[in-house]
Protein chains: 2
Amino acid sequence: MTRSRTLMSETTENSSPERKLRVENPTSRDIADIAGVSQATVSRALRDSPLVRKETRERIQAIARELNYFVNRNAAGLRTHQSNTIALLMFDDASEGEDTSQNLFLLSMLDAITRAAARYGYDVLVSLQQLHDDWHIEYQASHRADGLILLGYGDYVEYREKLEALSRANTRFMIWGPVVKDQPGHSFGCDNDNGGYQATGHLISLGRKNIALIGSTSRRSPELAARYTGYVRALEDAGLEENPKLVLTAQNSEQQGYAAAIDLLESGEPFDAIFAVTDLIAIGAMRALQDNGISVPEDVSIVGFDDMPLAAHVSPALTTVQQNARFGAEGLVRGIVGMIEGKPVSSTLMAPKLVVRQSCGAIRND
Amino acid sequence: MTRSRTLMSETTENSSPERKLRVENPTSRDIADIAGVSQATVSRALRDSPLVRKETRERIQAIARELNYFVNRNAAGLRTHQSNTIALLMFDDASEGEDTSQNLFLLSMLDAITRAAARYGYDVLVSLQQLHDDWHIEYQASHRADGLILLGYGDYVEYREKLEALSRANTRFMIWGPVVKDQPGHSFGCDNDNGGYQATGHLISLGRKNIALIGSTSRRSPELAARYTGYVRALEDAGLEENPKLVLTAQNSEQQGYAAAIDLLESGEPFDAIFAVTDLIAIGAMRALQDNGISVPEDVSIVGFDDMPLAAHVSPALTTVQQNARFGAEGLVRGIVGMIEGKPVSSTLMAPKLVVRQSCGAIRND
DNA sequence: CTGAAAGCGCTTACAG
DNA sequence: CTGAAAGCGCTTACAG
């Protein structure tokens with residue numbers, strides 16, 4: 001039982017292309033009928049195969065264009081075992097909108113990843129998930145995606161389990177973020193240690209001696225912990241001693257930054273600078289100091305990390321360490337496409353950039 | 001030529017499920033062989049068909065789970081002519097990162113749309129495009145998506161042409177945003193007129209008489225223009241006359257808000273309040289006033305629109321009109337899923353919510 | 001340079 | 001409740 005179609009030019013095989021053609025949902029067979037060639041030739045022509053004579057190829061492509069024909073991706077994918085799609089899994093831990101301002105970085109990553117993927121001929125399937133969700137493996141196993149990119153996470157220890165599961169299922173994936181020992185899969189991320197080093201080094205170069213750190217040294221947050229190790233390295237290289245009393249713990253939020261700075265003040269330990277391992281912490285800490293009559297940067301210099309949009313808008317504008325989303329996205333996509341094509345892929349860290357504004361005292365307000 | 005497989009339990013058809021099974025990339029045939037049923041029965045069982053005896057169904061599902069089997073979406077899609085995927089086209093006009101802070105709203109929409117789509121059993125394919133890109137039609141025609149959701153746009157007039165093209169190609173789509181006369185397709189958006197009415201009404205209720213508007217009345221920005229008409233309605237309802245000298249033009253940026261406020265000051269026309277049709281404009285205008293020694297909200301009340309994260313952080317915190325992303329996303333997804341399922345769908349506007357902070361003078365700083 | 005044919009892995013009438 | 005069979009729309013050896 002052949003599907004009946006309304007082909008206006010069914011009888012005049014080689015009708016001039018000027019003729020308006022109408023087919024409901026054209027297939028390569030329809031194109032073939034109209035062009036008077038086999039369906040196989042249409043398939044070849046549409047994929048720009050040099051096997052097809054140029055003239056024929058162009059005629060076929062013109063007909064396809066006129067009919068608004070596009071290759072059925074399900075059929076092509078079934079044949080080739082490819083989807084030309086990358087699944088982007090974003091683990092958004094912002095519990096109920098609290099820290100969403102942070103996530104603008106995710107948006108720029110999404111943007112950059114989508115564009116990079118398009119350049120390689122891939123679509124991007126997005127899924128915002130909680131860490132406890134469990135569909136990670138399904139994307140590749142169901143042939144919806146040829147590989148995954150993982151972005152963001154909450155607790156690294158929990159995250160790590162997911163990575164192991166993906167690896168066991170032979171899923172291809174690239175991770176944005178930390179490079180931890182024996183971590184499964186490949187990653188592309190920011191050299192957080194280097195960023196911490198730059199931030200701290202900058203404060204030292206401004207003559208600051210008692211530099212506090214607010215952040216985390218936990219293996220549950222390896223990225224933040226790496227910023228801390230960079231801090232320690234910078235101090236050592238400058239011949240300064242690390243003072244444990246100046247190392248405070250805070251998760252990534254203004255509230256916790258605020259609280260940690262208050263603790264710091266109440267400890268009575270003298271300090272003339274703070275390296276906060278995230279902008280949110282930095283902004284909270286800055287508020288705490290200002291609320292207590294301490295002037296930034298005159299009395300205390302502050303440097304953050306992330307360069308979220310808010311950083312430029314607080315007063316004084318925050319000096320911070322910036323990661324290049326475009327570069328990161330390009331690296332992730334290049335990596336996953338490489339894995340899909342069976343090329344060797346390695347993990348990479350890119351150097352972040354210090355953005356100097358007012359909060360450190362290197363630049364005066366004009 | 002049958003594909004050779006390594007099935008450990010090939011011989012023992014009804015082997016106990018405790019036995020570890022290994023197949024490289026299992027298909028429904030493999031499951032069928034192991035379960036000792038036909039491939040058709042496996043297909044039915046995996047789709048929870050009541051046609052299959054409960055016991056058989058559960059046995060099959062257990063085997064599938066153990067083998068880490070997932071239905072090949074390409075094959076299923078080819079058969080059913082569905083992809084269970086929604087394409088989300090985000091038109092991001094932020095020319096080179098300038099206004100990206102605005103786009104956090106897009107991120108919350110993306111988040112909410114993805115979650116809503118998952119609830120309906122749909123994946124989300126994301127594409128960030130420029131308005132001049134031209135792949136809109138391809139998504140549905142290539143069976144990569146069953147329908148589109150369009151988010152954001154620059155110039156409405158140009159956007160409108162894309163909508164007409166989509167409509168001509170019989171593409172299913174839902175639009176986030178404006179409802180304009182004779183617009184093709186269906187939309188779900190914010191009642192901007194109502195929002196403008198609320199904002200202006202609030203200023204009036206605070207005793208303000210000379211309320212300026214900074215924004216747009218152009219048909220190229222129907223959403224902004226609707227906020228303007230709400231402003232006019234509120235004035236009328238309060239028996240106030242619209243003063244053309246108090247209506248200034250600005251596109252959505254701090255710079256233009258700043259410039260417009262300066263123009264307003266230099267015009268010499270007295271005013272005691274500003275309704276800025278976007279937060280970015282409001283923040284720019286606020287800076288301009290403050291730079292000229294005018295106190296907000298003592299001398300001039302300001303209300304914005306959007307409630308971007310920055311709004312709560314500027315000083316004084318900005319009173320503004322908020323759109324509910326979650327609600328909007330749900331409406332868009334419900335709409336497009338309805339269209340896919342052939343149900344009747346209509347366009348809807350949801351009422352925004354006034355968020356009162358310090359900049360209008362209704363709340364004192366504590 | 002082109003065509004006939006097989007087959008990718010499903011879903012679903014049809015028949016029992 | 002289950003199976004045999006057709007067919008979705010492609011891509012790609014194979015043969016000419």
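Numbered from 1 within each chain, the chains take letters A, B, ... in sequence-line order. Note that these values count all heavy atoms, side chains included, but never hydrogens, waters or copies made by symmetry.
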Exercise for review: Quote, to the nearest angstrom, the P distance that separates dC1(D) from dA5(D).
Suggested key: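 To the nearest whole Å, 24 Å.
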
Give [X] one of three labels, base, sugar-phosphate or nothing, depending on what nucleic acid heavy atoms sit under 4.0 Å from its own.
| X | answer |
| --- | --- |
| R47(A) | sugar-phosphate |
| S43(B) | base |
| H81(B) | sugar-phosphate |
| A40(A) | base |

Which nucleotide in [options] has an atom nearest any side-chain atom of [X]:
| X | options | value |
| --- | --- | --- |
| S38(A) | dA4(C), dG7(D), dT12(C) | dA4(C) |
| A75(A) | dT11(D), dT2(C), dG9(D) | dG9(D) |
| R79(B) | dC10(C), dC1(D), dT11(D) | dC10(C) |
| T27(A) | dG9(D), dT2(C), dG7(D) | dG9(D) |

Rounded distance (Å) that lies between atom [atom2] of [N] and atom [atom1] of [X]:
| X | N | atom1 | atom2 | answer |
| --- | --- | --- | --- | --- |
| I60(A) | dC10(D) | CD1 | P | 13 Å |
| L78(A) | dC8(D) | CG | P | 13 Å |
| E55(B) | dT2(D) | CD | C1' | 14 Å |
| Q39(B) | dG7(D) | CD | P | 16 Å |
| R29(A) | dA5(C) | CZ | C1' | 12 Å |
| L51(A) | dG3(C) | CG | C1' | 13 Å |
| N72(B) | dG9(D) | CG | C1' | 14 Å |
| N84(B) | dT11(C) | CG | C1' | 13 Å |

Point to revise | Test applied, side chain to side chain contact (heavy atoms under 4.5 Å, CB included); reference residue, L88(B); option that passes from L148(B), L106(B), V333(B), L110(B) | key: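 The option that passes is L110(B).
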
Review point. What distance separates N25(A) CG from N72(A) CG, expressed to the nearest 0.5 Å?
Key: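 So the gap between those two atoms works out to 9.5 Å.
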
Exercise for review: Supply the atom-to-atom distance L332(A) CG to I149(A) CD1, rounded to the nearest 0.5 angstrom.
Suggested key: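 If I round to the nearest 0.5 Å, the distance is 5.0 Å.
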
Practice item. Look at the side-chain N and O atoms of Y69(A) and state whether any lies under 4.0 Å from the OP1 or OP2 oxygen of dG9(D). Key: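 Indeed not, no polar side-chain atom of Y69(A) lies that close.
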
Practice item. Return no unless some side-chain N or O of T80(B) is found under 4.0 Å from OP1 or OP2 of dT11(C). Key: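 For T80(B), the contact criterion (side-chain N or O under 4.0 Å from OP1 or OP2 of dT11(C)) is not met.
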
Check your understanding: Salt bridge check: are E330(A) and R326(A) linked by an N-O gap of less than 4.0 Å?
Key ->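 A salt bridge is absent here (no side-chain N lies under 4.0 Å from a carboxylate O).
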
Exercise for review: Flag the pair E164(A) and R160(A) as a salt bridge only when some basic side-chain nitrogen lies within less than 4.0 angstrom of an acidic carboxylate oxygen.
Suggested key: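 Answer for the salt bridge query: yes.
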
Review point. Sub-3.5 Å donor-acceptor pair from the side chain of Q183(B) to the main-chain atoms of I175(B), do we have one?
Key: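 No; zero donor-acceptor contacts below 3.5 Å.
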
Exercise for review: Just name whichever nucleotide pairs with dT2(C), Watson-Crick or G-U, keeping both distances under 3.5 Å, else none.
Suggested key: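 Answer to the pairing question: dA15(D), which forms a Watson-Crick or G-U pair with dT2(C).
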
Check your understanding: Does K54(B) or V71(A) map to a spot on DNA chain D nearer the 5' end, using the closest nucleotide for each?
Key ->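 Comparing both residues, the 5'-ward one is K54(B).
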
**Study point:** Under 3.5 Å donor-acceptor pair, R44(B) side-chain atoms to dG3(D) base atoms
**Key:**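 Such a pair exists between side chain and base.
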
